[in-house]
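What follows is a set of notes on a single structure, which appears directly below.
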Protein chains: 2
Amino acid sequence: MAFDLPETTYAVLGLLDKRPASGYDLAAFADRSLGYFWPISRTLVYRELARLESLGWVGSEPVPQDRLPDKRVWSTTEDGRGALASWLAQPAVAGGADRNGFLVKFFFGARMSQEAMRTLLDDYRESLEATRADLAALIEHLARIPDARMGRLSARHGLLTAEARLGWIDEVTAELAAPSHPRTSDTDPDGAFAADRHAVSVRTRQRFGHR
Amino acid sequence: MAFDLPETTYAVLGLLDKRPASGYDLAAFADRSLGYFWPISRTLVYRELARLESLGWVGSEPVPQDRLPDKRVWSTTEDGRGALASWLAQPAVAGGADRNGFLVKFFFGARMSQEAMRTLLDDYRESLEATRADLAALIEHLARIPDARMGRLSARHGLLTAEARLGWIDEVTAELAAPSHPRTSDTDPDGAFAADRHAVSVRTRQRFGHR
DNA sequence: AAGCCCATGTAATGAGTTACATGATTCG
DNA sequence: CGAATCATGTAACTCATTACATGGGCTT
C-alpha cells in the first residue's frame with residue numbers, strides 16, 4: 001500500500017468518507033472544519049480528487065442542477081475506505097511543523113521599535129480572539145450534534161491553544177511594559193535564544209542525526 | 001524594497017544579525033531556537049545564504065581551521081540590517097497555517113479502533129512532553145542571560161501551547177473513556193465538524209472571498 | 001571498525017499557493 | 001449594477017524536503 005502520499009490526500013479522502021460532495025462543496029466544508037489545523041486550498045482539492053480517482057479510491061457521478069451549474073459528486077469506493085483505514089491505523093507523522101508567522105518576527109523583537117512591537121502583539125491578539133470566537137461558536141453548535149464528537153474535540157484543541165496564547169500575550173505585555181533592565185543592549189553577541197549544546201535533547205538529534 | 005521574499009530568508013538574515021556564523025553553525029543554532037516554531041533545514045540555509053549574498057545583504061570571509069574543515073563565516077551588511085529593519089516594521093503575515101499532523105488523523109477518529117486511538121494519543125502526549133521538557137530547560141537557561149529575553153518569551157509561547165494541549169489530552173482521554181452515547185454510529189452523514197453556513201464568520205470570508 | 005561531528009554543497013522532486021479563465025444566477 | 005455564490009478547472013511558480021556526494025578527525 002502506498003503510505004507515502006501527502007496527508008492532504010488522505011484528508012480529502014476522509015472528508016468524502018464522511019459525506020459525498022462536489023469539489024467546491026468539499027473545499028468549503030474543509031475550510032470550516034479541517035482548515036483550522038490543516039488548510040486545504042480549493043484548487044488543491046481538485047488536484048487531489050483527480051489523484052484519488054486515478055488510484056481508484058473515489059468515484060464520481062454527474063449531478064445536473066437547474067439554476068446552478070451542474071456538478072460532480074464524489075464518494076469513496078470500497079478500495080478508498082480500505083486505504084483510509086490503513087492510513088488511520090498507521091502512526092501519525094511526527095510534528096508536521098508548527099510554523100508561526102507571528103513568532104518568527106517576535107523572536108527578532110529586540111531590533112523593533114516599541115510601537116512596532118505593540119502593533120505586532122495587537123494583531124496577533126486580534127487574530128487569536130477571532131479564532132477563539134469562531135471555535136467557541138463551533139463547539140457550542142457541535143455539542144448539539146451527537147456524532148460530531150471528534151470534530152468538537154478537534155475544535156476544542158484549537159480553542160485551548162488560542163486561549164493559552166492569549167494568556168501568553170498578557171504575560172508578555174506585562175513584562176515588556178516593566179523592563180527589569182534599563183534597556184536591552186543589542187550588541188551582546190550571545191543575547192540569543194539557544195540552549196547550550198548539552199542542554200539539547202531530542203530535537204537536535206532527530207534533525208541532525210543520520211537515519 | 002523587496003518584501004515578497006519568504007519569511008525564511010529574513011529569518012536567516014535575522015539570525016546572522018544576532019551573531020555571525022557559518023552555514024552549518026547557523027543551521028544548528030536555528031534548530032535550537034527558531035526551529036521550534038519555524039523549522040529551517042540545513043540545506044535550505046545554504047540556499048538562503050546564496051540568495052542573501054546576491055542581494056548584497058550578507059557577506060562572508062573564509063576562516064581556516066586546524067583540525068576541522070575550513071569554513072565561511074557570514075555576517076550582515078549595512079544593507080542587510082536595513083532590510084531586516086524594514087521587514088520588522090512591516091506587519092506579520094496572517095496565520096501562516098498551523099498544520100497539525102496529529103489532529104488531521106484524530107479528526108477522523110470515528111473510523112479508528114480504540115487501540116489505534118490510544119496509540120495516537122499516547123504518541124502525541126509523548127511528543128508534547130518532550131517539547132515541554134526541552135523548552136522548560138531552555139527557558140531556565142535563558143533566564144540567566146539578560147539579553148535573551150525575546151528568545152525566552154518565544155520559548156514560553158511554545159511551553160504554554162504544549163501545556164494547554166497536554167491538558168486537552170487529559171480531557172479527551174476522560175471523555176473517550178466514558179462514552180455518553182452507547183456507540184458512535186459512523187453512518188450519520190451529518191456527523192461532522194462544521195458550522196452552519198451562517199455561523200461562520202471571518203475565516204470563510206477570508207479564504208473564499210475575492211480580494 | 002563503526003559511527004558521529006564538522007563542513008559545504010548539488011539534484012531531484014513535489015506539495016501548496018496564487019493568478020488566470022469562464023459563466024449563470026441571485027441578492028442588495 | 002456590482003458583488004457574492006456556485007462550479008470546475010489550468011498554468012506558473014517556488015518553498016521546502018530528501019537523497020546524494022565528499023572527506024578528515026574524533027570517540028567508543
Side-chain angles (χ1 to χ4, degrees), chain A residues 2 4-12 21-31 35 38-51 53 60 62-74 93-97 99 101 104 197-198 200 204-211, chain B residues 2 4-12 21-31 35 38-51 53 60 62-74 93-97 99 101 104 197-198 200 204-211:
Chain A
D4 47 357
L5 294 166
E7 317 278 311
T8 303
T9 310
Y10 291 101
V12 170
S22 70
Y24 185 89
D25 205 33
L26 188 142
F29 180 66
D31 202 60
W38 199 274
I40 307 178
S41 67
R42 196 175 39 76
T43 32
L44 189 53
V45 166
Y46 288 109
R47 238 177 31 196
E48 292 304 335
L49 285 174
R51 177 186 345 218
E53 188 182 31
S60 70
V63 173
Q65 295 185 114
D66 278 2
R67 280 148 228 284
L68 292 174
D70 299 348
K71 59 182 176 180
R72 279 213 276 171
V73 171
W74 300 84
V93 284
R99 288 182 190 274
V104 79
R197 319 264 148 160
H198 63 267
V200 179
T204 307
R205 258 180 273 128
Q206 276 183 344
R207 198 165 318 220
F208 277 80
H210 302 270
R211 51 162 118 186
Chain B
D4 48 356
L5 294 168
E7 318 278 312
T8 304
T9 310
Y10 291 101
V12 170
S22 70
Y24 185 89
D25 204 33
L26 188 142
F29 181 66
D31 202 59
W38 199 274
I40 307 177
S41 67
R42 196 174 37 77
T43 31
L44 188 54
V45 166
Y46 288 110
R47 235 177 35 198
E48 292 304 333
L49 285 174
R51 182 192 332 226
E53 187 182 32
S60 70
V63 173
Q65 296 184 114
D66 278 1
R67 280 149 228 282
L68 292 173
D70 298 349
K71 59 182 175 181
R72 279 213 275 171
V73 172
W74 299 84
V93 283
R99 288 181 191 273
V104 79
R197 319 265 148 159
H198 63 268
V200 179
T204 307
R205 257 181 273 127
Q206 275 182 342
R207 200 168 312 223
F208 279 80
H210 304 268
R211 51 161 120 185

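- B:Tyr46 has a side-chain polar atom (N or O) that falls below the 4.0 Å cut-off from OP1 or OP2 of C:dT8.
- A donor and an acceptor atom sit less than 3.5 Å apart, one in the side chain of B:Arg47 and one in the base of D:dA16.
- Within the 4.0 Å cut-off from OP1 or OP2 of D:dA7, at least one side-chain nitrogen or oxygen of A:Gln65 is found.
- Looking at B:Arg72 and B:Trp74, their side chains come closer than 4.5 Å, going by heavy atoms from C-beta outward.
- Between the two ends of the helix from C:dA1-D:dT28 to C:dG28-D:dC1, each summarised by a five-pair axis, the helix axis turns through 50° (rounded to 10 degrees).
- Within the 4.0 Å cut-off from OP1 or OP2 of D:dT17, at least one side-chain nitrogen or oxygen of B:Ser41 is found.
- For B:Glu7 against A:Val104, the heavy-atom pair with the smallest separation is OE1-CG1, 3.7 Å.
- Regarding B:Glu48, its CD atom lies at a distance of 10 Å from the C1' atom of D:dA16, rounded to whole Å.
- The distance between atom OH of B:Tyr10 and atom C1' of D:dC15, rounded to the nearest whole Å, is 15 Å.
- For B:Arg99 (side chain) and A:Pro39 (main-chain N/O), a donor-acceptor pair under 3.5 Å exists by modelled atom type.
- Summarising the geometry of B:Glu53 relative to B:Ser60, their closest heavy-atom pair is OE2-OG, 4.4 Å, with the distance given to 0.1 Å.
- We find the CZ-CG distance between B:Arg51 and B:Leu5 to be 5.5 Å, quoted to the nearest 0.5 Å.
- The CG atom of B:Leu49 sits 14 Å away from the P atom of C:dA7 (whole-angstrom rounding).
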Using nucleotides 20-28 of chain D, report all nitrogen or oxygen pairs with the protein that are shorter than 3.5 Å.
none

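- Spacing between atom CG of B:Asp25 and atom C1' of C:dT8 amounts to 13 Å, rounded to whole angstrom units.
- When the side-chain nitrogen and oxygen atoms of A:Thr8 are compared with OP1 and OP2 of C:dA15, none of them lie within a distance under 4.0 Å.
- Taken to the nearest 0.5 Å, the CG atom of B:Asp70 stands 11.5 Å off from the OG atom of B:Ser22.
- Going from atom OG of A:Ser41 over to atom CZ of A:Arg47 covers 8.0 Å, rounded to the nearest 0.5 Å.
- If you take CD of B:Glu53 and P of C:dT8, they are 13 Å apart, rounded to a whole angstrom.
- Looking at B:Phe29 and B:Tyr24, their side chains never come closer than 4.5 Å, going by heavy atoms from C-beta outward.
- Checked against B:Val73 for a side chain to side chain contact (heavy atoms under 4.5 Å, CB included), the options B:Leu26, B:Asp25, B:Val63 give a single hit: B:Val63.
- Rounded to an integer number of Å, the gap from CG of A:Asp70 to C1' of C:dG23 is 13 Å.
- We find that CG of B:Asp4 is positioned 18 Å from P of C:dT17, with the value rounded to whole Å.
- The interatomic distance linking B:Leu5 (CG) with D:dC13 (P) rounds to 17 Å, in whole Å.
- When the side-chain nitrogen and oxygen atoms of B:Tyr24 are compared with OP1 and OP2 of C:dC6, one or more of them lie within a distance under 4.0 Å.
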